[in-house]
Amino acid sequence: MNEAQRRVVVTGVGAISPLGDSPAAIHEALCEGRSGIRPIELFKTDGLPTREAGEIAWKPRDYLGNANLRPVDRTGQLVIVAAQLALEASGWTAELRGEHEVGLVLGTMFGSVHTISAFDLRALKAGPRYAKPLDFANTVINAATGQTAIWHDLRGINSTITGGATAGLQALAYAVEMIRNGRAEVLLAGGGEELCFESFCGFSRTGMLCAPQDGTSECPVPFDARRNGFRLGEGSALLVLEEAESARRRGATILAEIRGHGSAYDCSRGSDPQPATAAVERAIRQALDDAGTAADAVDAVSTAANGSVRGDRHEALGIGAVFGERSGRLPVTAVKSMLGEALGASGAFQTVAMLESMRSGVLPGIRGLEALEDGIPLALAAPQNREAELRCGLVNALGHDGNACALVVERRGEEEV
Amino acid sequence: MPQSIVVTGIGMVTPVGSGRREVWENLLAGESGIRPVESFDTSRYNVHLGAEIRDFRAAEHFEKLDPDSVGRASQLAIAAARQAVTDAGLTAETVAAERIGVAMGTTSGEPQEVEHFDDHLVAGELDRVGAEFISLYPCHVIAHHIASELGFAGLNIMIPAACAAGNYAIGYAFDALRAGRADVMLAGGADSFSRITYTGFACVGAIAPERCQPFDRNRKGMIPGEGAAVLVVERYEDAVARGARIYAEVAGYGLSCDAHHMTAAHPEGDGAARAMLEALRHGHVEPREISYISAHGTGTPTNDSLETKAVRRVFGERASSIPISSVKSMIGHTMGAASAIEGVVCTLAVAEDRVPPTINFEEPDPECDLDCVPNQSRELPVEVAMSNAYAFGGNNASVIFRKCAA
C-alpha cells in the first residue's frame with residue numbers, strides 16, 4: 001500500500017433491511033438471533049417450490065413523506081431511503097450538498113427486473129403504443145442510482161456496478177478508488193436490491209434456494225452439514241465514504257477506515273472447487289495486501305456464506321488457505337443466516353453489520369448452525385454470539401457464479417486518522 | 001510519474017460488419033446498417049427501422065462455452081473480446097490469467113431473456129417461466145461469460161451506465177491498470193437488439209421514421225441498434241516489453257452526473273460540459289489540442305443541440321472548427337456498446353489520421369453550428385481525439401485518446 005495515498009473513512013451509514021432500518025436495530029436483531037425470513041407477501045408464490053424470503057415490510061411514505069413517488073419504482077425507493085438515512089447520519093445536509101459534490105456508487109444485481117418485465121408485459125398485452133414512458137425510464141439498470149441522485153441532489157460521480165452478488169463490495173471498492181484517485185471527496189457507496197417475482201422465480205428454478213427438511217424449520221444454515229441452499233433477501237445499505245483529511249476538517253464522526261479491497265474471478269463459475277476456492281483466496285490476499293494488513297491482524301470475518309452447498313465450502317476453504325491453522329481460532333459470522341441473500345445489497349449489509357460489531361464488541365452468531373460440515377476449517381463458527389475486541393474486520397462477498405471479493409475495514413477514532 | 005495506458009487490441013461486432021478492418025472501412029465509406037427491423041414484428045409500432053446485426057453466427061466465435069448457454073449480448077461480447085485478444089497478440093504465455101481483467105458496460109444486459117420470461121408467462125407455460133433466467137439474464141454475466149470463455153481470472157465487473165457505459169468501463173480499466181490491479185484489461189460494451197428497448201424508445205417518440213441525421217436541421221430522432229466492442233488496454237511499458245502494436249494512448253477520462261432528470265439532459269448541457277472538462281483535466285490535455293470529437297450524436301432534436309451547447313462551453317470559439325462526427329448516423333444507437341465502438345473510432349482516428357463522417361446530413365441547423373464532417377470521411381492529422389457519451393440517469397462520460405509517442 002502506498003503510504004502517501006489518500007485514506008478513506010466511513011462517516012455515516014444508512015440501511016433499510018428485513019431486520020430494521022438502522023445499523024443498531026439490525027445489529028440488535030442479529031445478536032438476538034432473529035430471522036428476517038418470512039412468508040412472502042409482495043407477490044404470489046403459487047407453483048414455486050419455496051415461499052419465504054427476507055422481505056421488508058415497510059411504508060416508503062414513513063421516510064419520504066408526501067413526495068411524488070410515482071416516477072420511482074421499489075428498487076429506487078429502497079435506495080433513496082437508505083441514502084436519506086446515510087446523509088442524515090453523516091451530517092451531509094441539503095445545504096452542504098448544494099455546495100459540494102456528493103456522489104453515489106451503487107451495487108445491484110438486477111436493478112429492477114420487475115419494472116422491465118412489467119413494462120414489457122403491458123406492451124405485449126395492450127400494444128406498444130400503451131407502454132408507459134415513466135416506467136421506461138426505470139428499465140435501465142442504473143435507474144435507481146440516477147433517481148437517488150436527482151432526489152438528493154447528488155451531483156458527484158454516479159456509477160452503478162453489477163458484478164453478481166458481489167456488486168455491493170465492488171461498489172465500495174470502486175468508491176474507495178475514486179476517492180484515492182482524487183476524483184471525489186465524498187461518496188455514498190453500497191448496494192440495493194429488491195425482492196421481486198422475476199428474480200425469485202428465476203432463483204427458484206436453479207435449485208439453489210433452500211427448503212426446510214427432516215422436520216426442521218431451520219434454513220438457511222451457513223456452513224452446516226445439512227445446509228441445502230439459501231433464501232433471498234432485499235434492501236439497501238449505503239455508507240458515506242470520505243477522504244480522511246476533509247472528513248476531519250469538517251468535524252465528521254469517523255466510524256471506521258476502509259483499508260483495502262481485492263477481487264478475483266473463478267472461470268468455472270462456481271462449479272469447480274479448485275478455481276473457486278483459489279478465487280476466494282486471491283481476493284482476500286489482495287485486500288490484505290492493499291490494506292497493508294497482515295492476516296494475523298484480522299480479528300473477525302464476515303463471511304458471504306448463505307447456506308449454499310458449494311459456495312459456503314469454497315469460501316471456507318479459501319479462508320483456510322489464507323489463514324492456515326489460525327482459521328480454527330478466527331471468529332466468523334454469517335449474517336445472511338438471518339438477513340437472507342440480498343444479492344447486490346449483501347456486501348454493504350455485511351459491512352454495516354461489521355462496523356456495528358466493532359463498535360459494540362459483539363459478533364453475532366450464525367443462526368441455526370448445529371454441526372459444521374466436515375472439512376470446514378472455521379471452528380469458531382457457532383450459533384452463539386462472541387464478544388471480542390474487534391479492530392480489524394474482513395468482509396467477504398462471493399457470487400454463486402464466479403466473482404469473489406474482499407474488503408478490509410478497521411475501527412478508527414478521529415484522532416487516529 | 002503515472003504510467004501511460006495504451007490500446008493494443010481491438011474487436012467489434014456492429015451493424016456494419018465484424019472485425020476492426022471491415023467495420024472501420026465501412027464507417028469511413030459512410031455505409032449504413034440501418035434497415036427495417038427483422039427480429040420482431042413492428043406492425044403495431046409507428047416506426048420500423050433498426051440497426052440489427054445480420055448473419056451473426058455465434059458458434060464461430062466460441063471455443064469453450066456452448067453459445068446457446070449465453071444470451072445474445074454475451075455472444076456479441078465474446079466475439080468482440082476474442083477478436084480483440086487475437087488482435088493484441090495475447091496468448092496464455094503472454095500474461096498470467098489472474099492478471100487479466102474484464103470491465104464491460106451495458107444498458108440493458110440481456111433483455112431478450114426478460115422477453116422470454118414474459119412470453120412464457122403470457123402463454124401460460126408456467127413451468128418454463130424463469131428456467132435458466134439466472135444464468136442467462138443478470139447483466140454481470142456478460143463480463144463473466146467473456147472471462148470464462150477466454151480463461152481470464154482477474155477483475156470482473158459490469159458497469160451498466162446505460163448509453164455511456166462503454167466509457168465508464170474504459171475509465172475503470174484505466175484506473176485498474178494504473179493501480180496495478182491488473183496487467184491487462186479488456187474494456188468495452190455490449191447490448192443486443194430487443195423489443196423492450198425498441199418499445200421504450202418508441203413510446204417516448206425518440207425513434208426517427210426514416211433516417212438518423214445527427215446535427216441536421218430536420219433530424220427526427222435516434223435509431224436503436226445492437227453491437228459489441230472491446231479494447232485491450234495495458235500499461236505502456238508492458239506493451240513495449242512484449243512487442244505489442246500500440247494503436248493509441250488513453251490519455252484520460254471524465255465522469256459527471258446531471259442529477260437533473262432521468263431521461264432528459266440538463267438544459268444547459270451542464271453535465272456534458274463537466275465530463276469533457278474533467279477528461280481534459282485528468283488527461284492533462286488543453287482544449288486546443290483536441291483534433292477530433294466523436295459525438296454522442298444520437299440524432300434526437302434535443303441531444304444534438306444540447307451537445308453543441310456543451311461543446312461550445314468547453315471549446316469556445318474554436319468549437320466550430322473541430323471536426324465532430326457521429327457514427328450513430330450509420331450504426332444507430334448501440335446502447336452500452338456505443339461508447340466502446342466510439343472509443344475504437346477515436347483510437348483508429350488517432351492511429352490513422354482519418355475520421356468517419358456523419359451521414360444523412362443535408363441541411364445545417366443554426367443550433368448545431370459545428371463541423372459534423374458531413375457525408376464524407378476526412379483525412380486530417382489527429383493528435384488527440386475525444387469521445388463523448390451521455391446516458392439516462394444523467395450519466396455522462398468523456399474519454400480522450402492521444403497519439404502514442406513511441
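Letters go in sequence order (proteins before strands), and every chain restarts at 1.
Heavy atoms closer than 4.5 Å to chain B are found nowhere in A279(A), neither backbone nor side chain. The contact between L121(A) and chain B is made by backbone and side chain atoms together, counting heavy-atom distances below 4.5 Å. Residue T166(A): no heavy atom, backbone or side chain, is found under 4.5 Å from chain B. With a threshold of 4.5 angstrom between heavy atoms, R274(B) approaches chain A through side-chain atoms but not through N, CA, C or O. Of the two parts of Q147(A), the backbone and the side chain both hold a non-hydrogen atom closer than 4.5 Å to a non-hydrogen atom of chain B. Both the backbone and the side chain of A147(B) come within less than 4.5 Å of a heavy atom in chain A. Neither the backbone nor the side chain of H114(A) comes within contact range of chain B; no heavy atoms are under 4.5 Å apart. Residue contact with chain B, scored on non-hydrogen atoms closer than 4.5 Å, involves the backbone and the side chain of N403(A) alike. Only the side chain of L121(B) has a heavy atom closer than 4.5 Å to any heavy atom of chain A. Proximity to chain A (any heavy atom under 4.5 Å) is shown, for N396(B), by neither the backbone nor the side chain. Both the backbone and the side chain of V129(B) come within less than 4.5 Å of a heavy atom of chain A. With a 4.5 angstrom heavy-atom cutoff, D118(B) touches chain A via backbone and side-chain atoms both. Using a 4.5 Å cut-off between heavy atoms, A397(B) does not touch chain A at all. Of the atoms belonging to A143(B), not a single heavy atom falls under 4.5 Å from chain A. Contact of V141(B) with chain A is made through the side chain alone, with heavy-atom distances under 4.5 Å. Within the 4.5 angstrom heavy-atom criterion, atoms from both the backbone and the side chain of F203(A) approach chain B. The parts of E115(B) that come within reach of chain A are both its backbone and its side chain, each placing non-hydrogen atoms under 4.5 angstrom from that chain. Heavy atoms closer than 4.5 Å to chain A are found in the side chain of T263(B), but not in its backbone. Both the backbone and the side chain of H144(B) come within less than 4.5 Å of a heavy atom of chain A. Of the two parts of Y45(B), the backbone and the side chain both hold a non-hydrogen atom closer than 4.5 Å to a non-hydrogen atom of chain A. Proximity to chain B is limited to the side chain of Y174(A), based on heavy atoms less than 4.5 angstrom apart.
In this pair, F174(B) and Y253(B) present their aromatic rings perpendicular. The plane angle is above 60°, beyond the 30 to 60° band. Ring geometry for F392(B) versus F136(A): interplanar angle over 60°, hence perpendicular rather than tilted (30 to 60°). Using bins of under 30°, 30° to 60° and over 60° for the plane-to-plane angle, the ring pair H333(B)/F201(B) lands in the tilted bin.
Of all the heavy atoms in T50(A) and T45(A), the pair that sits closest is O-CB, 4.3 Å. In terms of heavy-atom proximity, V114(B) sits nearest to S117(A) at CG1-CA, 3.8 Å.
The candidate with the highest count of non-hydrogen atom pairs below 4.5 Å against chain B, out of K132(A), R205(A), R129(A), R183(A), is R183(A). Ranked by heavy-atom pairs under 4.5 Å with chain B, the first of M178(A), M109(A), E198(A) is E198(A). In terms of heavy-atom pairs under 4.5 Å with chain B, the best-connected choice from A278(A), A404(A), S199(A), G127(A) is G127(A).
Looking at H261(A) and E177(A), their side chains do bring a donor and an acceptor atom within 3.5 Å of each other.
Taking the six-membered ring for Trp, W92(A) and H152(A) have ring centres at least 6.0 Å apart. The ring of F152(B) has its center no closer than 6.0 angstrom to the ring center of Y265(A).
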